[in-house]
Amino acid sequence: MSDDSFKDPATIAASMVGISDMDTGDVAPHVKPATTYKYGQGYVYYRDKGPGMEDTEEVLNRLEGGDGAMVFASGMAAATSLLMSLGPGAHVIAPETMYWFLRNWMLKDAPDFGLTVSLYPNGDLDAMKAAIRPGETKAVWAETPANPDWSITDIAGAAEIAHAAGAKLFIDSTVAPPVVTRPLELGADVVMHSATKYLNGHSDVLAGALITREKDDLWAKVHHARASMGPTLGAFESWLLLRGLRTLDVRMQRHSENAMRVAEAMLGNPAVSHVLYPGLPDHPGHAVAAKQMTGFSGMMSIRLSGGPEAAARAVERTKLFRNATSLGGTESLIEHRGPVEGPESPTPQDLLRLSVGLENARDLIDDLEQALGQ
Ligand SMILES: *Cc1c(COP(=O)(O)O)cnc(C)c1O
């Protein structure tokens, strides 16, 4: 069905060219809510697979340049299904700083399923290499840019290290969707997204996705895990995700432009001690980010010279930036991460995480300036 002569992610997302609905002349995809299918048509039951999810998977697969895609009920469902499919006895290495909820799952819950996880310092390829246990390490996990310091991992370098050790490279690319970074092209084996964030882009669907470079044994196990445990993405959510994807390229351009302007304004603000944004030349990951990203996305953090109290006060004072968790929607969000992550977290207590939305950049800067002012 698919017309794959168009390769550019912006074109694929905006026009949905080639997906099966276009056969009827419709220019927009359909919601396909059926949960069961007449035998003999290639489908049996929706929990396993069905047309309601396959258009979305086809588009995601083409956006990432993969060999197959699967959608899940959440980003956590996608990540845990992938990791559990490595099987008991597998050792996984993951970054010290990463999406907090998944880090906790890896350290506290994964051992119950026979996985052991050890951490390496973000972005440090030598330390990554040293953390690998030859013969035992089955996967290297990396998140780039990583929550909430937006540290950058060199995907091509990490792929070399993982593959030399016979391990797979899994990239959580939630903050860098395919119009920004294409990890499979850089050597990653599986890309994971919380599609709740930029892929959907409108804060109205919870979803996850995996895209693979190769449909190998591991991929078959992940499909089996989804079909048997059932964290399948519903047909209506799948359609909402597809709906959001159409504007992916133009949204990401505006997120990146706005975030750069906010970052530059924050650099000059006396209340701010650090601005963590990979688009800034003094960010430790800037050179690698400039190489593997198109634009630097919309996520940044600021640290305040006034400490944790100043951070707690600022989130109460913003009017446009809503004090809420999550990221990647059209609306700007601010969050004081330290208290959310708790005392075990490496996140500095004076840090505010900003998801820079699509509003007018001047309005966003004015809002932060008044919130950070005396
Ligand atoms: C939100 C998020 C997740 C988890 O995804 P859910 O859709 O909330 O389950 C994983 N990784 C990153 C980087 C995230 O931001």
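Numbering of ligands and ligand atoms starts at 1, following listing order. Keep in mind that what you see is a predicted model, and the values were worked out from it rather than measured.
- Residue pairs satisfying the side-chain hydrogen bond (donor to acceptor under 3.5 Å, both in side chains) criterion with at least one member in residues 138-150, sequence neighbours excluded, are listed as follows: Glu143-Asn147, Asn147-Arg353, Asp149-Ser151, Trp150-Ser301.
- Legend: residues meeting salt bridge (charged side-chain N to carboxylate O under 4.0 Å, His left out) with Asp67, ordered by chain and number and at least two apart, are absent.
- Sorted by first then second residue, the side-chain hydrogen bond (donor to acceptor under 3.5 Å, both in side chains) pairs that include residues 338-347, not counting sequence neighbours, are Lys108-Glu344, Arg337-Glu341, Glu341-Ser345, Glu341-Thr347, Ser345-Thr347.
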Identify all pairs of nitrogen or oxygen atoms, one from ligand 1 and one from the protein, separated by less than 3.5 Å, and list them with distances.
from: ligand 1; atom 1: 5 (O); to: Ser194; atom 2: OG; distance (Å): 3.0
from: ligand 1; atom 1: 7 (O); to: Gly75; atom 2: N; distance (Å): 2.8
from: ligand 1; atom 1: 7 (O); to: Ser194; atom 2: OG; distance (Å): 2.8
from: ligand 1; atom 1: 7 (O); to: Thr196; atom 2: OG1; distance (Å): 2.7
from: ligand 1; atom 1: 9 (O); to: Gly75; atom 2: N; distance (Å): 3.1
from: ligand 1; atom 1: 9 (O); to: Met76; atom 2: N; distance (Å): 2.8
from: ligand 1; atom 1: 11 (N); to: Asp172; atom 2: OD2; distance (Å): 2.7
from: ligand 1; atom 1: 15 (O); to: Lys197; atom 2: NZ; distance (Å): 2.7

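- Judged by distance alone, the side chain of Ser297 and the main-chain N or O of Val175 form a donor-acceptor pair under 3.5 Å.
- Of the possible polar contacts, none joining the Asn61 side chain to the Ile211 backbone as a donor-acceptor pair under 3.5 Å is found.
- Although no hydrogens or angles enter the test, the distance criterion places a donor-acceptor pair under 3.5 Å between the side chain of Thr232 and the main chain of Arg47.
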